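Data first, discussion second: the structure below is written as structure tokens.
Numbered from 1 within each chain, the chains take letters A, B, ... in sequence-line order. Just so it is clear, the model here is predicted, and its values are computed rather than measured.
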Amino acid sequence: MTTERYNPRTAEPKWQKAWAEAKLFETQTDAAGEKYYVLEMFPYPSGRIHMGHVRNYALGDVVARYKRAKGFNVLHPMGWDAFGMPAENAAMQNKVHPAKWTYENIDTMRKQLKSMGLSLDWSREFATCDVDYYHRQQMLFLDLLAKGLAYRKKSKVNWDPVDMTVLANEQVIDGKGWRSGAEVESRELTQWFFKITDFAEDLSTALDRLPEWPEKVRLMQKNWIGKSEGLMLRWALAKDTAPAGIDDVTVFTTRPDTLYGASFIAVAPDHPLAAKAAESNPALAAFIAETRKTGTTAAAIETAEKKGVATGIEAVHPLDESWRVPVYVANFVLMEYGTGAVFGCPAHDQRDLDFARKYGLPVRPVVLPPHEDPVAFSVADKAYVDDGVIYNSAFLDGKTPDEAFEAVAERLEATQLFGAPQASRKVNYRLRDWGISRQRYWGCPIPVLHCESCGVVPEKRENLPIVLPEDIDFDKPGNPLDRHPTWRKATCPQCGGDASRETDTMDTFVDSSWYFARFTAPRADEPTDPQAANAWLPVDQYIGGIEHAILHLLYSRFFVRAMRECGHLDLDEPFKGLFTQGMVVHETYRDRREWVPPVDVRFSETEGKRVATRISTNAPIEIGGIEKMSKSKKNVVDPDDIIASYGADTARWFVLSDSPPDRDVIWSEAGVEGAHRFVQRLWRLFVDAAPKLPAAGARATPGSDDLSLNIRKAVHRTVAGVSDDIERLAFNKAIARVHELVNQLSASFGRMEAGNGGATAAAREALSMLARIVAPMMPHLAEALWEVLGEPGLAASAPWPQIDRSLLVDDQVTLPIQINGKKRGDLTVPADAGKADIEQAVLALDFVREALAGQAPKRLVVVPGRIVNVVV
RNA sequence: GCGGGCGUGGCGGAAUGGUAGACGCAAGGGACUUAAAAUCCCUGGACUUUUGUCGUGCGGGUUCGAGUCCCGCCGCCCGUACCA
């Protein structure tokens, strides 16, 4: 008998329409069922969706559909992270307005996402570039400003001196501007900041209250915030060397216990003392100018060769007046961290040691490692950073580092220097305030005005929104808002005089720091409807890329805290559960000239080796490494092509199978074909079995014969396993279980005769359950299977199958028997057998007696239900 | 540089400290077919003569037992505050 193949091209649109007409996924806040908020990180509308999106949204959709089947009231919205640089780049390159480019991309991508059959509530959709959205973001900005959580300060940017514009870090390539090629310099601008450091302590400690976050993400955030307890320690400058007007320099140190090992002080190139010293020291001034070319990124600064220049200034050791150490300006000291000045203890810090060796500074060990001889111990090229006993350190000798820390702190807190304590304890954070100013057009305008008489004045709330002007040009580099003829002109809300608008727009991370709250009441006049926000939040399951582990997630956590202070919601944390998915990667291909897309490559085998040829030109192709899909390497597979030829369910099934979702998945054509074969196999299983089954409403009772019982045990076990797997987001394992079940059902159905009422009833039960457990992953096919079974209604609204727990337990278990840790046989015992029974049975086994040769075992390890190990 | 992660057959991967390789892909063999596709069945870590021995990036360690835990390396990936 031949079965007609399942045709996703006709089936998928049909079911999508059925869901839409039933408004199945439009969520009501007050609907029945416990709330469950599933959210995937919303996409940047770059043009077309890519496989990473397919994976991200397929993962979230499984959770959403599963929870819905479990009876939850599920919120599963979608929107667009729509501001950002690519729209401006497109405007410059293709003369298309950023808004037009963005909204056209959104239209394309919405259509693509809809073809995936996602259970999204599209009625809540918005884009962050909608005036409606950024209007409310401007309100939030004013609220933060009023609470003192927004302020202005000077900070450095990458300046392209040819294009006369600020560059993003990714636009700086090897220290040069990406368009102009000019050497980039760092330049100070007054910019807007959010006071995230106000919450540093809570952002760090609250991580311990997020058990449903991956440990690695919590660790990364904790290290990023970087809490450290230390001393603010003032060093007097030796009078004969100090520049006029500066008496001392304050360092932050976490190791005051190593103070007697100090051999220099290093200050940041932009430290005031450095500037002062450079006034009379051209070599130093040149060095400081040089460091401005290193770039502003931490990676650039810290991978650069560590260099310093002596200032000629000397500082007096806080514990010994007769001891002076030189003050250097060093390129690895950051003004943003601590005080911008450190003391170097080369023996116990690797970077300080490298610096000391380079400039011939003394290396004096003061922490003696355990079991080392104080006379013989010395530090050559590896600093000793672990615990030990303090020595070479006067009154600290013999103490542990912790005790020495306390002793130094106590003494110097009590010592006066220039009328103030010489030291004070200080908790320091590596976390810096969040700079949100961008000198760009395509972002949310910062709603403040600059008035000559009143200074910086917030715009009145009722004057919002400050809308981006549409008549702009991208003919010249730089910010079009700056050179707009009229947009800047405004009236000061305080004095009524002339004022000019702020032309900085907000970092796009601001947009994505509260969108999850806006989804709970997307059309509210205020930024949130606190009732809706409090009802839905926190997001129960948030899913997105690991690349957002720190910044986006930390900013969102800050925003929730700031919004709570302003009364917009009452919430500790935005995301209760977090899952970070891996990337979709693909082989790369190139011919002599360029990267070649996978669709243009044909493979063959020559002498057992995989060989590739370019289809369009017949040129030989070199098969490159497996890399993240990217436009530049052209190793992209367009989801549209896959959906058009195999259907959305195949694409979904493929990205969910094989690779665990937190790891990278390698896209391969063969894998997709395998997934599609399984779609057809399921379809065949149902269509072929359907005529033998009792009618849908017949209430036939499954039999208790071997065949019926086997079918029932298999399916109930699978449902239990798949439920667990989905709860843990282990979709690859859920899929392996479904494969196993289908393998078994195919075999069992082959032995089933139409007249066997018990078995056919078991088969109907099995198929009805199977259709429902594949539904979250392949929702369209599940509807078709549901229809084949003649079940009423839509599979998408069918409840998750109930399992009979009595079918999950076995009365016999087979234990592997090891001798000296190596498996040598099996033993089948009753499931409830005690340790003693098992021991006895094991010792009676032939191969065990042989191994023992009459001796008693040295040891007999019995782990009931698991394993037995006989040690001889 | 720093912080975090990952590393298991030809490939993707499975394995509460307890039988390493479930499940899938690819491959090989067979059945069906005039033939092919599709489908179904069987075989696949390495070495070895049955018997075994060796195998989870490399080197050590803890344990009755290590892919899993600890220490030291190597390689790759993510982040590094203006890419999103």
Exercise. May I ask you to check whether A/W80 and A/N105 show a side-chain donor-acceptor distance below 3.5 Å?
Key: no
Quiz item: Is it the case that more than 12 heavy atoms not belonging to A/D810 sit under 6.0 Å from its CG atom?
Solution: yes
Quiz item: Taking atom types as they are modelled, is there a donor-acceptor pair under 3.5 Å from the base of B/C6 to the side chain of A/R663?
Solution: no
Quiz prompt | Under 4.0 angstrom between A/R681 side-chain N/O and B/C40 OP1 or OP2 | solution = yes
Practice problem: Using the closest heavy atom to pick a nucleotide of RNA chain B for each, name whichever of A/I550 or A/K306 lands nearer the 5' end. | Solution: A/K306
Quiz prompt | Exercise: do A/E170 and A/W178 side chains pair donor with acceptor under 3.5 Å | solution = no
Quiz item: Looking only at side chains, do A/Q221 and A/R557 share a donor and an acceptor under 3.5 Å apart?
Solution: yes
Quiz prompt | Contact residues, residues 430-437 of chain A to RNA chain B [heavy atom, < 4.0 Å] | solution = A/R430, A/L431, A/R432, A/G435, A/S437
Quiz item: Can you tell me if the side-chain N/O atoms of A/K822 get under 4.0 Å from OP1 or OP2 in B/C54?
Solution: yes
Exercise. Please report, rounded to the nearest Å, how far the C1' atom of B/G79 is from the CG atom of A/L219.
Key: 14 Å
Quiz item: Taking everything shown except A/K306 itself, do over 12 heavy atoms lie less than 6.0 Å from its NZ?
Solution: yes
Practice problem: Please evaluate the base of B/C83 for a donor-acceptor partner in the side chain of A/Q171 within a cut-off of under 3.5 Å? | Solution: no
Quiz item: Is any side-chain nitrogen or oxygen of A/K733 closer than 4.0 Å to OP1 or OP2 of B/A15?
Solution: yes
Quiz item: For A/T508 and B/A84, is the shortest distance between a side-chain N/O and OP1 or OP2 below 4.0 Å?
Solution: yes
Exercise. Scan residues 184-195 of chain A against RNA chain B and write down, sorted by residue number, each residue with any heavy atom closer than 4.0 Å; if none is found, say none.
Key: A/Q191
Exercise. On RNA chain B, check which nucleotide each of A/P660 and A/K823 is closest to and give me the residue with the more 5' one.
Key: A/P660
Quiz item: Does A/N169 get its side chain close enough to the base of B/C82, under 3.5 Å, for a donor-acceptor pair?
Solution: no
Self-check item: Evaluation steps, ring-ring contact (aromatic ring centres under 6.0 Å, His included), between A/W653 and A/F678
Solution: CA-CA 9 Å; A/W653 189 254; A/F678 187 73; 5.2 Å; yes
Practice problem: Answer with base, sugar-phosphate or nothing: what part of the nucleic acid does A/S657 contact at a heavy-atom distance below 4.0 Å? | Solution: nothing
Quiz prompt | Among A/F654, A/Y646, A/Y6, the one residue meeting ring pair (Phe, Tyr, Trp, His ring centres under 6.0 Å) with A/H676 | solution = A/Y646
Quiz item: Would you say A/N732 reaches B/A14's phosphate, i.e. side-chain N/O to OP1/OP2 under 4.0 Å?
Solution: yes
Quiz prompt | Options B/A84, B/G4, B/C78, nucleotide nearest the side-chain atoms of A/D81 | solution = B/A84
Quiz item: How about A/N158 and A/T296: does a side-chain donor come under 3.5 Å of a side-chain acceptor?
Solution: yes
Quiz item: If a stem is a run of at least 3 consecutive Watson-Crick or G-U pairs, both distances under 3.5 Å, which stems include RNA chain B?
Solution: B:1-7 with B:74-80, B:10-12 with B:23-25, B:27-31 with B:39-43, B:45-47 with B:52-54, B:57-61 with B:69-73
Practice problem: Check the angle between the aromatic planes of A/Y542 and A/H552 and answer parallel, tilted or perpendicular using the 30° and 60° thresholds. | Solution: tilted
Exercise. Could you check A/V848, A/I838, A/D826 and say which one makes a side chain to side chain contact (heavy atoms under 4.5 Å, CB included) with A/I817?
Key: A/V848
Quiz item: How far does the C1' atom of B/G45 sit from the matching atom of B/U56, given to the nearest Å?
Solution: 11 Å
